[in-house]
Amino acid sequence: MRRCIRNPKNQLSSFHTLNHHHQLQGNIIHQHVTHNNTHILHNLARLYAARNQIELARHVFDQIPEPSVVLWNTMIRAYAWSGPFQEAIHLYHRMLQLGVTPSNFTFPFVLKACSALQAIQVGIQIHDHVLTLGLQADVYVSTALVDMYAKCGNLFEAQTIFDSMLHRDIVAWNAIISGFSFHVLFNQTMHLLAQMQLAGISPNSSTIVSVLPAVGQANALCRGKAIHAYSVRKIFSHDVVVATGLLDMYSKCHHLSYATKVFNTVNQKNEICWSAMIGGYVFCDSMRDALALYDDMVLMHCLSPTPVTLASILRACAKLTDLNKGKSLHCYMIKSSINLDTTVGNSLISMYAKCGVMNDAVGFLNEMITKDTVSYSAIISGFVQNGHAEKALLIFCQMQLSGIDLDSATMIGLLPACSHLAALQYGACCHGQSIVRGFTADTSICNAIIDMYAKCGKIHFSRQIFDRMHKRDIVSWNTMIISYGIHGLYIEALSLFHELRASGLKPDDVTLIAVLSACSHSGLVAEGKYWFSSMSQDLNISPRMAHYICMVDLLARAGNLDEAYSFIQRMPFQPDVCAWGALLAACKTHRNIEMGERVSKKIQLLGPESTGNFVLMSNIYSSVGRWDDAAHIRSIQRHQGYKKSPGCSWIEISGVIHGFIGGDQSHPQSASINNKLQELLVQMKNLGYQADSSLVLHDVEQEEKEQILLYHSERIAIAFGILNSSPSNPILVTKNLRICVDCHSAIKFMSLITKREITVRDASRFHHFENGICNCGDFW
DNA sequence: ATAGGGTTAG
């Protein structure tokens with residue numbers, strides 16, 4: 001050591017032998033040379049920079065009184081190469097402050113940092129500087145400018161500079177091509193690729209690698225194959241980087257067999273290549289293959305998963321709702337102290353949310369050191385997906401308090417939360433924010449807004465949004481058709497379906513569910529049967545269980561109980577509780593005890609899945625006065641441990657949502673609500689209202705029935721609404737279950753007495769009461 | 001070269 005210091009000329013060679021473990025030694029040496037000469041410091045800084053030890057390089061650099069331009073460039077390049085990019089720009093600015101004139105080598109590096117940060121304002125300043133120094137003709141500088149403008153999104157300026165270049169080498173061509181490819185302007189990218197070849201320059205592997213993502217995103221399989229063939233001819237298709245690009249392109253084109261073929265040709269597969277293949281399987285919904293390949297990578301090939309690998313594989317667990325696998329991966333990450341970056345953390349949150357364990361999702365969110373928009377959005381969507389819209393809104397408040405801004409994906413979580421809650425005022429706020437922030441250019445956002453207005457009872461607003469959209473996808477049409485359906489506007493629903501067919505867009509399986517249920521609710525048996533047979537024959541959509549259930553509903557609702565029964569038995573699927581449940585509901589409507597009993601037995605054989613069906617059967621017995629049988633069914637239900645989920649209704653008044661469960665007396669205004677209900681009951685009875693005997697458990701007095709029914713949650717919510725809103729305002733109440741027959745008839749009277757529009761959204765549709773009539777025509 | 005949160009129906 002001492003010998004080295006005494007003989008500084010030997011120092012550099014001794015540094016070459018240093019490795020990470022000897023950094024300390026290196027530091028000691030450089031402390032000793034600090035006061036010697038700047039020439040050595042220059043070399044030392046360059047050496048550290050070349051080794052990517054930026055902090056050490058910076059430490060030395062900062063001690064040099066007047067670094068040469070070359071050294072400034074070295075430092076800026078080091079930062080531009082591997083970040084932090086901001087530091088490259090910072091050094092450039094300091095260089096100018098100190099009066100050092102940048103050279104033509106400075107610009108490509110600092111511009112690269114601008115590209116990485118998408119910092120176009122700084123980029124423009126640098127461009128000005130280039131012009132004042134008269135360096136715009138330099139190939140390297142102009143290429144860097146092209147790259148910066150292209151990456152930052154100003155493709156026009158990039159193209160202008162590129163066109164003005166007298167000499168364009170392959171790097172310049174790659175810069176402009178990768179710019180267009182980066183923004184997925186597929187046609188322009190392909191055009192430039194052709195022009196490049198016309199100019200006599202053959203694309204190299206960098207060119208190929210930069211265009212492949214755009215090919216994949218554009219789903220341009222034929223182009224992709226041509227590029228693959230070109231790569232084979234030029235003998236770089238076996239290069240890991242090219243092969244990774246190729247297999248990613250193939251999987252984005254849903255061509256997994258080619259992707260795996262390319263994958264298998266690579267001899268020296270690295271983690272990126274494995275991750276790309278695993279990601280490809282996940283993209284194509286081949287979750288089992290993704291998991292198998294992951295095991296292969298980690299167990300057989302002893303490679304460590306990178307954050308990218310983990311993000312992909314966690315997504316596979318989420319899609320499979322394989323909580324065990326997801327948890328074991330989480331444990332593995334903790335045990336092997338893999339650095340949990342924010343992306344992986346967000347994948348974990350999403351996995352927990354998709355598996356329905358929101359406690360774990362929120363628990364992990366709270367542990368996260370750096371939470372971002374995605375973390376919160378995952379939680380918000382998770383709560384909505386798990387049926388806790390109100391918690392989604394609460395988390396959103398927490399997100400705002402923590403200063404993290406929302407983006408359009410957050411909004412796409414918030415809007416369905418408003419839909420579920422029928423929270424019109426929150427929903428309208430979301431709509432407003434979406435306009436202000438420019439989200440409404442996004443089709444998915446508009447779709448969510450259409451759904452929100454429809455579920456909040458404002459179907460006309462939905463249609464306005466739908467009509468004004470620039471671009472509609474199949475979800476837009478489906479949402480609008482379904483919205484008409486739940487509002488009982490079946491003519492509009494079916495006519496929109498015909499418009500969709502005329503528009504040239506292909507209906508999908510969801511469209512047909514919407515159409516079939518529209519037919520079923522409006523009693524259009526023949527039309528429903530027609531579309532059911534047509535969907536597989538003409539529209540090339542194979543019917544799923546849900547479609548069969550729609551058909552059962554269609555037949556049974558119209559009174560064709562026997563036909564529905566045999567339809568269920570002929571289904572190509574094992575009939576489930578829902579299929580039988582649809583028939584059972586119709587048995588109740590059509591008071592067919594014999595069929596009801598048969599169906600009820602089938603359901604009981606299927607096991608403990610549905611409670612509503614027990615209630616239904618019990619009600620069927622009660623409706624014909626067979627109280628003992630009704631009680632027996634209820635006792636089986638109790639005996640087997642089924643619990644009826646409580647009826648719950650809510651109403652939004654002045655932006656506050658008030659919720660009530662059946663018999664609820666806990667609201668501060670409970671006394672006046674009760675008075676209102678009693679007062680209404682008297683008036684209703686004067687007009688001929690009679691409590692429906694079939695709905696309440698057997699052998700209680702009429703008086704008592706009235707009182708039980710009086711406090712069904714929807715009635716409490718309506719009374720609350722009457723008391724707390726001006727008479728000109730319509731009332732919208734939302735209920736978690738289906739409305740009961742008695743409430744349905746009572747609300748008709750209430751609308752007549754109070755002369756108010758009352759809308760109830762129950763679990764299946766809207767009931768719009770006005771002047772004693774409901775728009776469902778008592779058929780629901 | 002690979003990666004995270006996202007709209008409709010049941």
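By convention in this document, chain letters (A, B, ...) are assigned in the order of the sequence lines, proteins followed by strands, and residues within each chain are numbered from 1. Quick caveat, the model's predicted, so the values are computed rather than measured. All heavy atoms count here, side chains included; hydrogens, waters and symmetry mates do not.
We find that A/Asp442 and A/Lys471 are not joined by a salt bridge, their nearest charged nitrogen and carboxylate oxygen being 4.0 Å or further apart. Ion pairing between A/Lys112 and A/Asp147 fails under the 4.0 Å rule for side-chain N and carboxylate O.
Within 4.0 Å (heavy atoms only), A/Thr373 reaches at least one base atom of the nucleic acid. Backbone-only engagement by A/Val209 is indicated by non-hydrogen atom pairs under 4.0 Å involving sugar-phosphate atoms exclusively. Base contact: A/Asp407 has a heavy atom under 4.0 Å from a base atom. Residue-level contact check: A/Thr342 touches the bases, meaning some heavy atom is under 4.0 Å from a base atom. Here A/Asp509 lies out of heavy-atom contact (under 4.0 Å) with every strand. Across all strands, A/Arg544 comes closer than 4.0 Å to base atoms (heavy-atom distances). Across all strands, A/Lys455 comes closer than 4.0 Å only to sugar-phosphate atoms, never to a base (heavy-atom distances).
Residues from residues 510-520 of chain A lying near DNA chain B, meaning a heavy-atom separation below 4.0 Å, are A/Val510, A/Ile513 in numerical order. Heavy-atom distances under 4.0 Å link DNA chain B to A/Val475, A/Asn478, A/Thr479, A/Ile482 of residues 473-484 of chain A, given in residue order. Within residues 252-270 of chain A, the residues having any heavy atom closer than 4.0 Å to DNA chain B are, in order of number, A/Lys252, A/Asn270.
Legend: residues meeting side-chain hydrogen bond (donor to acceptor under 3.5 Å, both in side chains) with A/Thr734, ordered by chain and number and at least two apart, are absent.
Within 6.0 Å of the CD1 atom in A/Ile235, the count of heavy atoms belonging to other residues, nucleotides or ligands does not exceed 12.
Counting all heavy atoms, side chain and backbone alike, A/Ile465 lies closest to A/Cys446 at CG2-O, 4.1 Å. Pairing each heavy atom of A/Cys317 with each of A/Leu291, the nearest pair is SG-CD2, 4.4 Å.
Using a 4.5 Å heavy-atom threshold, the side chains of A/Met297 and A/Glu271 count as touching.
Cation-pi check for A/Lys234 over A/Phe236 is not met; the charged atom does not lie both under 6.0 angstrom from the ring centroid and within 45 degrees of its normal.
Nucleotides of DNA chain B lying under 4.0 Å from heavy atoms of chain A occupy a range whose first and last members, 5' to 3', are B/dA1 to B/dG10.
Residues A/His431 and A/Phe461 place their aromatic rings such that the two centres sit no closer than 6.0 Å.
Within the structure, every pair that satisfies the ring pair (Phe, Tyr, Trp, His ring centres under 6.0 Å) test and touches residues 348-377 of chain A, not counting sequence neighbours, is listed here: A/His330-A/Tyr352, A/His330-A/Phe364.
The aromatic rings of A/His254 and A/Phe283 sit tilted, their planes meeting at an angle between 30° and 60°.
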| message | Between A/Ser536 and A/Ser542, is the side chain to side chain donor-acceptor pair (under 3.5 Å) condition met? List the steps. | response | CA-CA 5 Å; A/Ser536 46; A/Ser542 48; over 6 Å; no
| task | Would you please test A/Thr309 and A/Ser312 for side chain to side chain donor-acceptor pair (under 3.5 Å) and show each step? | result | CA-CA 5 Å; A/Thr309 329; A/Ser312 291; over 6 Å; no
